J.: 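Quick one: structure below, then a few questions.
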Amino acid sequence: MARITHLLDAGPTLSFEFSAPRDEAGAERLRQTLARLSQHRPQFMSVTYGAGGTTRGPTRDWVSAIRDEYGPLGVSEMPHLTCVAHTPDEVAQIIDEYRQDGIENILALRGDQPQSNSQLPHSGRLPAFETAAQLVQYIRKRADWDIGVAAHPEGHPMAASVEADLAHQTRKLAQADFAITQFGYRAEYYEQFVNQLDARGVDTPVIAGIMPPTNVAGIERMSALNATEFPTEVRERLERASSPAERREIGVEVASRLGRELLELGAPGLHIYTMNFARAASEVASALGWKADQT
Ligand code: FAD
C-alpha cells in the first residue's frame with residue numbers, strides 16, 4: 001500500500017469510491033465493479049462508512065478485500081471513518097483494527113447524526129466528537145497515517161454562514177494531508193475554493209470529486225442534500241434523453257469534460273463516486289486517459 005501523499009506527488013491520481021453493499025446481490029455486483037474498475041489501475045479505492053457506524057465491520061472487510069485482491073496490482077485502499085456517533089474508545093479500537101490491517105490512509109469525517117438514538121452503535125451515549133477536525137487530531141496522536149478530509153467547495157449545507165464555513169474548512173484542511181471534494185458540476189467552484197485556501201496560506205492537495213450524472217432523480221436528491229448545484233442545462237439534457245444508454249452517454253460526456261477542466265486547473269487527482277456501478281465510471285476514466293488494462 002502506498003501513502004496517498006506520495007501518490008499525489010507523482011499524480012494526478014485516479015481513485016474510485018464504493019459503499020459496503022447490504023446483501024449478497026449487492027456484494028456480487030461490487031465484486032464485478034471492483035474487478036472492472038481495477039483494470040484502470042487507479043491509485044486508490046475507498047470504501048464509505050455508514051452513518052452512525054452501521055458499516056463498521058463491512059467497511060473493514062471490503063477495504064481488506066481491495067487490499068488482498070488489488071494491492072498486488074498497485075491499487076491502494078482507504079477506509080472512510082465518521083465520528084459523530086462514536087465515543088473516543090470506539091474510535092481508538094477502530095484505529096487499532098486498521099493498524100493490524102496495515103492501513104496507512106484514512107478519510108476522517110464527521111458524518112451526519114443518525115435520525116434516532118437506536119441507530120447509534122453505542123446505544124445513545126453522548127458522542128465526544130463534534131467535527132471532523134477533532135477526529136483528525138485524535139487519529140494524528142495515535143497513528144502515523146495520511147489523513148484526508150472532506151471538502152465542500154460550494155459550502156456545507158448546515159453552515160452557519162459562508163464565512164464561518166470557509167474559516168472552518170480552512171482550519172480543517174490545514175491539519176489534513178489531503179482533501180477530497182463533494183461532487184459538483186462546475187469547475188469554477190473548485191477553482192474559487194482552492195484560490196481561497198491559497199489566499200489563507202493552505203496548500204493541502206484537494207482531490208476533485210466527480211459523480212457522472214446519469215440519474216436525474218438521484219442527482220437532484222443528493223445535490224439538494226449537499227447544497228451543490230445541479231446545472232439546469234445538464235438536467236434538461238438528461239430529461240430529453242430517451243433511454244438509459246443515452247443518459248449514460250450524456251453523464252459520461254459531462255463528467256469527462258468536467259474532469260478535464262479540473263485537471264487543467266491543477267487538481268492533483270480525480271475521485272469518481274461510483275455508487276458501486278462500473279460502466280459510467282469506467283468510461284469516464286477511459287475518456288480522461290486512464291485506459292483499462294486487460295492483461
Ligand atoms: P465537518 O468538517 O466537521 O463539518 C461540516 C460543516 O459543519 C463545516 O463545513 C462547517 O460548515 C460546519 N462546522 C463544523 N465545525 C465548525 C466550527 N467549529 N465552526 C464553524 N463551522 C463548523 N458521510 C458518511 O456518513 N460516510 C462516508 O463515508 C462519507 N464519505 C464522504 C466522502 C467525501 C469525499 C465527502 C465530501 C463527504 C462524505 N460524507 C460521508 C458526508 C459527510 O459526512 C457530510 O458531508 C457531513 O455532513 C460533514 O462531514 P465533514 O467531515 O465535512 O464535517
Side-chain angles (χ1 to χ4, degrees), residues 4 13 15-21 44-56 58-60 62-63 77-86 91 94 98 105-115 119-121 127-139 146-184 189-190 193 196-197 200 202 204-211 221-228 262 267-276:
I4 288 177
T13 58
S15 51
F16 294 113
E17 177 175 311
F18 308 96
S19 300
F44 68 95
M45 291 175 164
S46 77
V47 183
T48 62
Y49 195 76
T54 47
T55 66
R56 178 170 167 178
T59 295
R60 185 182 178 200
W62 282 98
V63 165
E77 70 279 11
M78 178 179 74
H80 297 201
L81 176 60
T82 63
C83 61
V84 74
H86 281 309
V91 171
I94 293 169
Y98 281 136
N105 302 299
I106 196 156
L107 193 67
L109 302 142
R110 186 191 69 187
D112 292 312
Q113 189 71 49
Q115 300 300 317
Q119 286 177 261
L120 296 178
F129 297 102
E130 284 172 1
T131 67
Q134 292 170 355
L135 179 62
V136 171
Q137 288 163 15
Y138 191 81
I139 297 173
D146 279 6
I147 306 175
V149 293
H152 309 276
E154 295 175 58
H156 188 273
M158 308 293 280
S161 69
V162 173
E163 295 73 29
D165 184 50
L166 188 59
H168 167 74
Q169 294 205 61
T170 304
R171 280 194 302 273
K172 178 173 77 168
L173 265 76
Q175 297 173 36
D177 297 304
F178 63 94
I180 302 180
T181 73
Q182 190 53 271
F183 74 87
Y189 290 127
Y190 175 89
F193 181 68
Q196 284 167 328
L197 291 174
R200 288 160 177 76
V202 174
T204 304
V206 181
I207 298 171
I210 295 182
M211 169 116 62
R221 186 176 47 81
M222 287 183 280
S223 300
L225 273 177
N226 298 331
T228 53
L262 290 162
L270 299 180
H271 183 75
I272 303 184
Y273 293 95
T274 69
M275 308 300 285
N276 291 2

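Note that the structure is a prediction, hence the values are computed from the model and not measured. Atoms within a ligand are numbered from 1 in the order they appear, just like the ligands themselves.
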J.: Of M158, R110, Q182, H80, which has the heavy atom at the shortest distance from atom 53 (O) of ligand 1?
T.: R110

J.: What is the distance from atom CD1 of I4 to atom CG of D177, rounded to the nearest 0.5 Å?
T.: 9.5 Å

J.: Any donor and acceptor pair, going by atom type alone, linking the side chain of E154 with main-chain N or O of Y189 inside 3.5 Å?
T.: no

J.: Kindly say whether A150 contributes a backbone atom to a donor-acceptor pair with the side chain of K172 at under 3.5 angstrom?
T.: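 Between the backbone of A150 and the side chain of K172 there is a qualifying donor-acceptor contact (under 3.5 Å).
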
J.: Consider only side-chain N and O atoms of H152 and Q169, and report whether a donor and an acceptor are under 3.5 Å apart.
T.: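 No, no side-chain donor-acceptor contact under 3.5 Å.
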
J.: What protein heavy atom sits nearest atom 35 (C) of ligand 1, and how far off is it?
T.: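 Here the nearest protein heavy atom works out to A150 CB, 3.6 Å.
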
J.: Judged by atom type as modelled, is there a donor-acceptor pair below 3.5 Å linking the side chain of N226 to the main-chain atoms of M222?
T.: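 At least one qualifying donor-acceptor pair exists.
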
J.: Quick one: are the ring centres of H80 and F18 less than 6.0 Å apart?
T.: no

J.: Could you tell me the residue and atom name of the protein heavy atom closest to atom 38 (C) of ligand 1, and the distance to it rounded to 0.1 Å?
T.: L109 CD2, 3.7 Å

J.: Judged on heavy-atom distance to atom 1 (P) of ligand 1, which of H156, R171, E163, H168 sits nearest?
T.: H168

J.: Counting each atom of ligand 1 from 1 as listed, which ones have a heavy atom of I180 under 4.0 Å away?
T.: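 Selected atoms, number and element: 34 (C), 36 (C).
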
J.: Hey, mind stepping through R200 and L166 against side chain to side chain contact (heavy atoms under 4.5 Å, CB included) and telling me if it holds?
T.: CA-CA 10 Å; R200 288 160 177 76; L166 188 59; 3.4 Å; yes

J.: Under 3.5 Å, side chain of Y190 to main-chain N/O of V206, donor-acceptor pair present?
T.: yes

J.: Is it the side chain (CB and beyond), the backbone, both or neither of H271 that lies under 4.0 Å from ligand 1, heavy atoms counted?
T.: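 Looking at H271 and ligand 1, no heavy atom falls under 4.0 Å.
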
J.: Which residue holds the protein heavy atom closest to atom 3 (O) of ligand 1, what is that atom called, and what is the gap in Å?
T.: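 So the nearest neighbour among protein heavy atoms is A132 N, 2.7 Å.
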
J.: Are a donor atom and an acceptor atom from the side chains of H86 and Y49 found within less than 3.5 Å of each other?
T.: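 Judged by distance alone, the side chains do pair up.
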
J.: For atom 45 (O) of ligand 1, what is the nearest protein heavy atom, given as residue, atom name and distance?
T.: H152 CE1, 3.4 Å

J.: Nearest 0.5 Å, what's the SG-CG distance between C83 and L109?
T.: 8.0 Å

J.: Would you indicate which of A151, S161, A164, G111 comes nearest to atom 49 (O) of ligand 1 when only heavy atoms are counted?
T.: G111

J.: Within the 4.0 Å heavy-atom shell around A159, which atoms of ligand 1 are there?
T.: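 Close to A159: 11 (O).
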
J.: Looking at T131, which atoms of ligand 1 are within less than 4.0 Å of one of its heavy atoms?
T.: 3 (O), 14 (C), 15 (N)

J.: Just distances here: any N/O of T48 and N/O of ligand 1 closer than 3.5 Å?
T.: no

J.: Can you report which non-hydrogen protein atom sits closest to atom 47 (O) of ligand 1, along with the distance?
T.: D112 OD1, 2.5 Å

J.: Identify, by atom number and element, the atoms of ligand 1 in contact range of Y49, meaning under 4.0 Å from any of its heavy atoms.
T.: 24 (C), 25 (O), 26 (N), 27 (C), 28 (O)

J.: Hey, is atom 41 (C) of ligand 1 under 4.0 Å from any protein heavy atom?
T.: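 No, because not a single protein heavy atom sits under 4.0 Å from atom 41 (C) of ligand 1.
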
J.: Counting only heavy atoms closer than 4.0 Å, does ligand 1 sit against the backbone of T82, its side chain, both, or neither?
T.: side chain

J.: Could you tell me, atom by atom, which parts of ligand 1 come under 4.0 Å of a heavy atom of D165?
T.: 8 (C), 9 (O), 10 (C), 11 (O)

J.: Is it the side chain (CB and beyond), the backbone, both or neither of Y273 that lies under 4.0 Å from ligand 1, heavy atoms counted?
T.: side chain

J.: Given 3.5 Å as the limit, does a donor-acceptor pair link the side chain of T82 with the main chain of R110, or not?
T.: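 Pair absent, no side-chain N/O of T82 close to backbone of R110.
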
J.: Using a 4.0 Å heavy-atom cut-off, which part of L107 comes near ligand 1: side chain, backbone, both, or neither?
T.: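 The answer is the side chain of L107.
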
J.: Please check: side-chain N/O of D146 versus main-chain N/O of I106, any donor-acceptor pairing under 3.5 Å?
T.: no

